[in-house]
Protein chains: 2
Amino acid sequence: MNLKELSELLGLSQTTVSRALNGYPEVSEKTRIRVVEAAREHNYSPNSRATGLATGRAMVIGHVIPLSARHEIVNPVFGDFVAGALQTYSQNNYDMMFAHAVDGGEAEIYKSLYNRRVVDGVVLQGPKVVEPRIKALRDLGIPFVVHGRSSAEHGPYPWVDVDNTRSFRRATEFLIDLGHRRIALINGLEDMDFAMRRRKGYEDAMAAANLPLNPDLMFTEEMTEVAGHHAARDMLRMETPPTAFMVSSMISAIGVRRAIEEAGLKMARDVSVIAHDDDLSYLKNGQDVPIFTATRSSVRHAGEIAAQILIDRINNPQLAPQTRMLEAEIVVGRSTGPGPER
Amino acid sequence: MNLKELSELLGLSQTTVSRALNGYPEVSEKTRIRVVEAAREHNYSPNSRATGLATGRAMVIGHVIPLSARHEIVNPVFGDFVAGALQTYSQNNYDMMFAHAVDGGEAEIYKSLYNRRVVDGVVLQGPKVVEPRIKALRDLGIPFVVHGRSSAEHGPYPWVDVDNTRSFRRATEFLIDLGHRRIALINGLEDMDFAMRRRKGYEDAMAAANLPLNPDLMFTEEMTEVAGHHAARDMLRMETPPTAFMVSSMISAIGVRRAIEEAGLKMARDVSVIAHDDDLSYLKNGQDVPIFTATRSSVRHAGEIAAQILIDRINNPQLAPQTRMLEAEIVVGRSTGPGPER
DNA sequence: GTTGTTATCCAAAGCGCTTTGAAAAACTTC
DNA sequence: GAAGTTTTTCAAAGCGCTTTGGATAACAAC
């Protein structure tokens, strides 16, 4: 059933039927009701491709699945971020489109999606410290929003991010206050902007407390359970092992815990751990008392906000780029305890 | 730059340009080359909405994000399944569309996507034992494929699934052979078809060995770390606790391990654990020797296959529904050891 | 009853592509 | 060189919607 058939059936013009359904004022209430009911009854829904052609808007937003280049790892954060964005999209009658990039061809994919008018805007996930995609998107005039930031990018652009530096500084300070001195950092890949910022927070706190930075205690890898385990295991075998770990993800932290237990130690009592918790729905950090002391920030919430910023921008392109800094909260759980200096 | 402009620029008709770009034979090689180069040079890409309107095909496949109704949990498997499907889609020039369902309105969403001609077909994820969506999709004539199966559905439909019953039966037998008798099952929600089948496999093995089924050792909940921990903790506090656990997901198994260690026990030596491993990219089960003995089946691979089945069906609607049963392999890791009867 | 307003409705153009049916051009063949 | 074939190109219709610029009907005012 299409517009033409429906209008013939009602004895009205396509114009009138279209206007009635889209809530324009130039149509009497009687006919509007008649039209709306006929539409429902005959199960009419407008062809989105035709609508899109006529209006010039796709009502679709594009995402590119951030496969980690090195190991083809799907970011575990992905599902929850998407769920958040999707919620905002559907409230605004947008659909969500996916594409995936082959080997760093992400900019190409974005361009293709936009040039083919498949999408009205795109979300850039997982920005690196140096992120040429941002300039590319700006130059192409594609509306976009970044989940995270890119330190090497100085022009204005819209983003949502957690204050990673601040949260890791605070958390490291917390460990120092507890009496820890040898504090290890198990970080994500440091070409990722968030990882670089977390390292900076860690370093700032160490420096402020006049503690030396020991490269052997600073590890950077993909954030998997196995990598976390591996790094922590090696460090715990050192002559003077760390007494505390700052860990960039819950998944890695689970690996760290495994290494601690394998070493015959007890978390909190012997070794403290603070993890970053993205508040993933399938990996909640305990129920009442959290398993891990953590810096927590909901990635799902970030998804909702990112979506809203982008939609606002699409609707109002001359708007100045909106930015939104989220603060991670520090929740105290069962993975931290006093260190040797206390 | 659109077709009209490009054709005027070349001094050719839109017909010829269109045909040249789409590889039709009725155009000389010389002009084809000329056209293709001009298109590249002027950065022309056809408007997908116009193409879609003209061809009647969207070249898009729809997915509905399976939020677990009860707790709004994003399935951790989601990302990897999508990555697999996406790979196949992009090889076949399909894009992927997402929608999310509000409170069981999934069938409505599928219908809307298809009626509005947003998609050419849909993937149904997370089927329950009773799954009215399958009948709905069939009745609506929407091409679809199911990731998993639905036991209450007897008509033919295309699917990809792991032989869950078989793999859980074999794994349970493996524990019995090791000398375990009190074997617990930590399962997902049993209205989910896969969970029901896994339970059946477990029960079959127990029955075949003349072992009683103890309801206190059979737990069913959302597959989170916390739920796994909770269940295992309670069971380990029983008078005669289980000596082995069959666990439906790696994430729950991590919780089980935590409970085992909190109880002062050692995995493998005191308590054995077998987990189902979806081979998620960010949660690899160890490197050389797996952490957990596991029934393993790559969900990413399942995504690739599901996508192919659906695309075949879209291209050839009168094809009989294809089905594909995947076999989970049993990998022996460091979480199992001899039980009391050995 | 004529004029001026306002509330309703409509015909037709346009969005950017594909595809049908036909024409023009280029070859063959005799 | 005319007739027949094949190759190459094109004009125009159509996909299903929105929207512009009227037209018509209904009503009020004089």
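A note on names: the letters A, B, ... follow the listed sequences, proteins ahead of strands, and every chain is numbered from 1.
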Minimum-distance nucleotide to Thr55(B) side chain [options: dT18(D), dT18(C), dT20(D)]: dT18(C)
Looking only at the aromatic ring of each residue, does the gap between the centers of Tyr114(A) and Phe144(A) stay below 6.0 angstrom? no
Taking atom P of dC17(D) as reference, at what distance in whole Å does atom CD of Gln14(A) sit? 8 Å
Is Arg49(B) reaching over with its side chain to a backbone N or O of Arg49(A), donor-acceptor style, under 3.5 angstrom? no
Would you please confirm or rule out a distance under 4.0 Å between OP1 or OP2 of dT18(C) and any side-chain N or O of Asn22(B)? yes
Using atom NZ of Lys30(B) as one end and atom P of dT8(D) as the other, report the distance to the nearest whole Å. 8 Å
Contact under 4.0 Å: Thr15(B) side-chain N or O vs dT9(D) OP1/OP2: no
Heavy atoms from C-beta onward define the side chain here; which of dC10(C), dC10(D), dC17(C) lies closest to that of Arg19(B)? dC10(D)
Given that Pro25(B) and Ala50(A) both sit by DNA chain D, which one's nearest nucleotide is further toward the 5' end? Pro25(B)
Would one find a side-chain N or O of Asn47(A) under 4.0 angstrom from OP1 or OP2 of dG16(D)? no
Atom pair distance, as rounded to whole Å: CG in Leu21(B) and P in dG16(C): 16 Å
Minimum-distance pair of heavy atoms, taken over all atoms of Arg116(A) and Ser45(B): CG-CB, 3.9 Å
Would you mind reading off the distance between Arg49(A) atom CZ and dT18(D) atom C1', rounded to a whole angstrom? 17 Å
Of the options dC17(C), dC17(D), dT19(D), whose atoms approach the side-chain atoms of Leu3(B) most closely? dC17(C)
Per atom distances to the Leu12(B) side chain, the nearest of dC10(D), dC17(C), dC15(D) is dC10(D)
In whole Å, what is the span from the CZ atom of Arg57(B) to the P atom of dG16(D)? 16 Å
Side-chain (Arg138(A)) to main-chain (Pro156(A)) donor-acceptor, under 3.5 angstrom: yes
What is the separation between atom CG on Leu53(A) and atom C1' on dT19(D), rounded to the nearest whole Å? 14 Å
Winner on side-chain proximity to Ser13(B), out of dC10(D), dC10(C), dC17(C), is dC10(D)
Think Ser18(B) has a side-chain N or O under 4.0 angstrom from the OP1 or OP2 of dT19(C)? no
Specify the separation, in whole Å, of atom NZ of Lys4(B) and atom P of dC15(C). 7 Å
Would you please confirm or rule out a distance under 4.0 Å between OP1 or OP2 of dT9(D) and any side-chain N or O of Thr31(B)? yes
Report the nucleotide, chosen from dC15(D), dC9(C), dT19(C), that has the shortest atom-to-atom distance to any side-chain atom of Ala54(B). dC15(D)
Only one of Arg133(A), Lys128(A), Lys135(A) clears side chain to side chain donor-acceptor pair (under 3.5 Å) with Glu131(A); which? Arg133(A)
So, is Tyr44(B) near the phosphate of dC17(C), with a side-chain N or O under 4.0 Å from OP1 or OP2? yes
Spacing between Glu26(B) atom CD and dA22(C) atom C1', to the nearest angstrom: 14 Å
